[in-house]
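I have placed the structure first, in the form of structure tokens, so that the comments after it can refer back to it.
No hydrogens, no waters, no symmetry mates; every other heavy atom, side chains included, goes into these values. All of these numbers come straight from a predicted model, not from anything done at the bench. Residue numbering restarts at 1 for every chain, and letters A, B, ... go by the order of the sequence lines.
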Amino acid sequence: MPLLDDLKLDLDDAQRSRRAFLGVVAGGALGSAGLGTGITAVRYLWPEVLFEAETRFRVGRPEEIPPGTLVSLPEQRIYVVHGAEGFFAMTAVCTHLGCLTRYEADQNRIFCPCHGSRFSSTGEVTNGPAPMPLPRLEIALEQGVLVVDAAKIVEPTRVLKV
Amino acid sequence: MPTIATLTRNLERNRVYRSIVRRGLADTNRNRSLAVFGNFFLHIHPVKVNVRAIAFTRTFYLGGLAAATYLILVVTGVFLMFYYHPSVPRAYEDMKDLQFAVYMGPFLRNLHRWGAHAMVALVLLHMVRVFFAGAYRPPREFNWVLGVVLLILTILLSYTGYLLPWDQLAFWGVTVGTNMADAVPGVGKHVKFLLLGGHSVNENALLRFYVLHCVVLPLFLVLALSVHIWRVRKDGGIYLGTPGGDDSDRTKGEP
């Protein structure tokens with residue numbers, strides 16, 4: 001690429017600075033246009049509307065779940081447990097890398113088929129790479145029906161007494 | 001009765017032929033060189049190559065083989081696209097149709113799958129060869145970087161293709177992979193959301209992976225590969241220096 005000086009143009013300093021100024025203006029305009037296009041492109045890929053399943057759902061009447069049982073709902077990816085102190089819900093999604101766990105009733109444990117994590121029936125890690133226990137989810141009684149919100153994580157000691 | 005000699009002479013005089021291939025058929029060294037020089041498909045190699053550069057044991061043709069598997073993957077991939085809908089649950093059904101109902105479907109699907117495995121292996125072996133030949137050393141260090149970019153593109157192509165059968169392996173494989181992206185501090189959550197087009201692996205994710213697999217990543221790979229090969233040419237062809245030694249060997253040439 002020839003430099004300006006190589007062209008041996010009859011330019012004085014004033015003209016040179018105008019050229020430099022226009023260069024900065026043009027570069028700035030192109031740069032900001034490119035940046036704007038880039039940001040807009042990424043923003044375009046951000047979906048506005050999602051057609052995803054509702055995170056709140058009705059589980060059933062509490063009297064249908066006897067004490068000491070764990071109800072597995074793989075479609076909703078949750079477990080509902082009627083423990084000694086009351087009802088609680090927890091996620092069935094493994095805390096390691098997000099696979100769906102399953103309840104093994106004969107051994108009373110929760111098992112993740114992806115990398116072999118195991119949890120107790122109350123969600124504590126007993127084996128494998130899972131870094132933390134299965135978080136508990138918000139559960140409430142509405143008009144005599146248990147309702148779980150899978151999007152709301154509550155503290156691990158919370159139970160619902162009915 | 002026209003002989004072959006007269007046929008070729010007539011071909012040489014044919015205007016249409018000469019408009020496509022400007023060189024005649026004259027079998028001289030100069031004409032051979034010019035034929036290679038003026039041909040898009042042949043000019044991947046220089047007109048004259050050092051005999052040591054094309055020895056099989058120097059490169060094991062690993063880069064060329066990797067590029068050839070890419071070509072196979074493009075062709076078989078385009079064929080597979082004629083029978084595949086990137087939607088739920090059609091994707092899985094189409095994959096099963098390709099396996100059991102489509103004429104030559106299993107052959108194309110298997111060729112695509114094994115080609116993909118072969119390409120990853122060949123790219124890695126090519127990098128090992130380049131590394132032990134010391135061909136990453138200046139002035140070729142940026143071409144090594146381009147090679148790493150090509151490796152990443154190859155792996156991303158493999159990974160995005162992994163979701164498309166929409167079976168259990170694909171679903172949980174991509175669940176695990178995108179949760180790994182999720183683990184990146186700060187931006188991870190957004191990267192995962194952007195990749196999946198939602199919060200879980202669903203039809204948005206399938207469509208996004210399909211577009212990345214069939215259009216975006218192959219285009220970037222062709223671009224990076226073109227620059228990669230072009231730079232090898234501009235740096236004087238295959239590296240002929242001594243491993244661990246200086247670069248002067250390359251310029252000596254054959255006696």
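- Heavy-atom neighbours of R113(B) CZ from other residues, nucleotides or ligands within 6.0 Å: at or below the threshold of 12.
- There is no contact between R43(A) and chain B, counting heavy-atom distances below 4.5 Å.
- Applying the 6.0 Å contact sphere to CZ of R231(B) captures more than 12 heavy atoms from other residues, nucleotides or ligands.
- Interatomic distance, T175(B) OG1 to L100(A) CG, rounded to the nearest 0.5 Å: 9.5 Å.
- In this structure, the portion of H115(A) lying under 4.5 Å from any heavy atom of chain B is its side chain and not its backbone.
- Across all their heavy atoms, C99(A) and V176(B) have their closest contact at SG-CG2, 3.6 Å.
- Heavy-atom contacts from other residues, nucleotides or ligands closer than 6.0 Å to CZ of F220(B) number 12 or fewer.
- One finds the CD atom of E203(B) at 9.5 Å from the CZ atom of F51(A) (value rounded to the nearest 0.5 Å).
- We find the CD-CG distance between E52(A) and N204(B) to be 7.5 Å, quoted to the nearest 0.5 Å.
- Only the side chain of L50(A) comes within contact range of chain B, with at least one heavy atom under 4.5 Å from a heavy atom of that chain.
- Contact annotation for residues 192-201 of chain B against chain A (heavy-atom separation below 4.5 Å, listed by residue number): F193(B), L194(B), G197(B), G198(B), H199(B), S200(B).
- Minimum heavy-atom separation, C114(A) to W172(B): SG-CB, 4.2 Å.
- Sparse packing is recorded around CD of E85(A), with 12 or fewer heavy atoms of other residues, nucleotides or ligands lying under 6.0 Å away.
- Under a cut-off of 6.0 angstrom, the local environment of CD in E75(A) is sparse, with at most 12 non-hydrogen atoms contributed by other residues, nucleotides or ligands.
- Heavy-atom neighbours of F111(A) CZ from other residues, nucleotides or ligands within 6.0 Å: above the threshold of 12.
- Neither the backbone nor the side chain of D182(B) comes within contact range of chain A; no heavy atoms are under 4.5 Å apart.
- Annotation: side chain of P113(A) is not in contact with side chain of Q168(B) (no heavy-atom distance under 4.5 Å).
- Atom OH of Y84(B) is surrounded by more than 12 heavy atoms from other residues, nucleotides or ligands within 6.0 Å.
- Within a 6.0 Å sphere centred on OH of Y92(B), other residues, nucleotides and ligands contribute 12 heavy atoms or fewer.
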